[in-house]
Amino acid sequence: MSRVEPRPEAERGPRRVYRNDAIEVHWEPRLCIHTRSCVRRLGKVFDSSARPWIDVDAADPDAIAETVLTCPTGALHFRRVDGGEQEVAPEETTVEPRPNGPLLVRGRLKIVDADGRLIREDTRLALCRCGASGNKPFCDGSHRRIGFTTAPEG
């Protein structure tokens, strides 16, 4: 009997690591809201219809690292094991409100709870602003489900 793995859209589990001798790609399904920036940019590595869905042997590590850096949520990260350049946090923190969606934040980020306890340190995050996320303070894509809209600027 063969095992059928769920599609990435249905997964919300622990971190997974995909590696070869040059690079490790870390994926945290609980942070992934399926913007598909990885799939659009480097589909031969990030293929949501394949299992495993990340194939680190399908492109050179520089291309993989560049693509991972386009992930707006921090669900994807990489670690170079070949001496290549690691991810560097931007010097300046930026917050980009996405139309009808989350706040995309980049920088040297520390998220703490109401008691000041560290929840997460990261360089890229998508924070909920619709109020419906089941993974607060992080976006889980619920804004699409509930039809969240932002007021037009002006």
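The analysis underlying the following values was restricted to heavy atoms, covering all of them including side chains, and did not include hydrogens, waters or symmetry mates. Residue numbers run from 1 in the order of the sequence given.
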According to a 4.5 Å side-chain heavy-atom criterion applied to Ile, Leu, Val, Met, Phe, Trp and Tyr, with indirect links allowed, do F138 and V95 form part of one hydrophobic cluster?
yes
With a 6.0 Å cut-off (strictly less than), is the heavy-atom count around CG of D21, excluding the residue itself, greater than 12?
no
Are the side chain of K136 and the backbone N or O of G131 linked by a donor-acceptor pair below 3.5 Å?
yes
For D62, the salt bridge (charged side-chain N to carboxylate O under 4.0 Å, His left out) test, sequence neighbours excluded, returns R80
Gap between atom NZ of K110 and atom CD1 of I119 - 0.5 Å precision
13.5 Å
All N/O donor-acceptor pairs, side-chain side in residues 141-148, below 3.5 Å, sequence neighbours left out:
residue, atom, partner, partner atom, Å
S142, OG, A132, O, 3.4
S142, OG, D140, OD1, 2.5
S142, OG, D140, OD2, 3.4
S142, OG, R145, NH2, 3.3
R144, NH2, I33, O, 2.7

Might you work through the side-chain contact (heavy atoms from CB on, under 4.5 Å) test for T123 and L109, ending with a clear yes or no?
CA-CA 6 Å; T123 56; L109 310 173; 5.9 Å; no
So if you build clusters from Ile, Leu, Val, Met, Phe, Trp, Tyr with side-chain heavy-atom gaps below 4.5 Å, do L104 and L76 land together?
no
Hydrophobic cluster membership, V56 vs V81, 4.5 Å side-chain cutoff:
no
Identify the heavy atoms of G74 and L31 that sit nearest to each other, and give their distance.
O-CD1, 4.0 Å
For E24, check side chain to side chain donor-acceptor pair (under 3.5 Å) against everything at least two apart and list the hits.
R19, H26, R79
Please, which pairs that meet salt bridge (charged side-chain N to carboxylate O under 4.0 Å, His left out) have at least one residue in residues 63-74, sequence neighbours excluded?
R41-E66
According to a hydrophobic-cluster definition based on side-chain heavy atoms being under 4.5 Å apart (Ile, Leu, Val, Met, Phe, Trp, Tyr only), do V17 and I23 belong together?
no
Applying salt bridge (charged side-chain N to carboxylate O under 4.0 Å, His left out), can you list everything that pairs with E85, at least two apart in sequence or on another chain?
none
Set of residues satisfying side-chain contact (heavy atoms from CB on, under 4.5 Å) with respect to P97, sequence neighbours excluded:
L103, R129
Taking C-beta and beyond as the side chain, do E92 and R108 meet within less than 4.5 Å on heavy atoms?
no
Tell me, with the steps shown, if V25 and V68 meet side-chain contact (heavy atoms from CB on, under 4.5 Å).
CA-CA 8 Å; V25 174; V68 166; 4.3 Å; yes
Tell me, do W27 and P14 make a side-chain contact under 4.5 Å, heavy atoms counted?
no
Applying side-chain contact (heavy atoms from CB on, under 4.5 Å), can you list everything that pairs with L69, at least two apart in sequence or on another chain?
F78, E87, R124
By side-chain contact (heavy atoms from CB on, under 4.5 Å), which residues pair with L42, not counting sequence neighbours?
K44, V45, F46, A59, A63, I64, T67
Report the residues that fulfil side-chain contact (heavy atoms from CB on, under 4.5 Å) with R40, sequence neighbours left out, ordered by chain and then residue number.
R36, S37
According to side chain to side chain donor-acceptor pair (under 3.5 Å), who are the partners of D60, at least two apart in sequence or on a separate chain?
none
Closest non-hydrogen atom pair, P29 against R16
CG-NH1, 2.9 Å
Charged N-O contact under 4.0 Å between E91 and R106
no
D115: which residues meet the salt bridge (charged side-chain N to carboxylate O under 4.0 Å, His left out) condition with it, sequence neighbours left out?
R117
Could you verify whether a donor N or O on one side chain and an acceptor N or O on the other, from N135 and S133, lie under 3.5 Å apart?
no
When clusters are formed from ILVMFWY side-chain contacts under 4.5 Å, directly or step by step, what else is grouped with L118?
V112
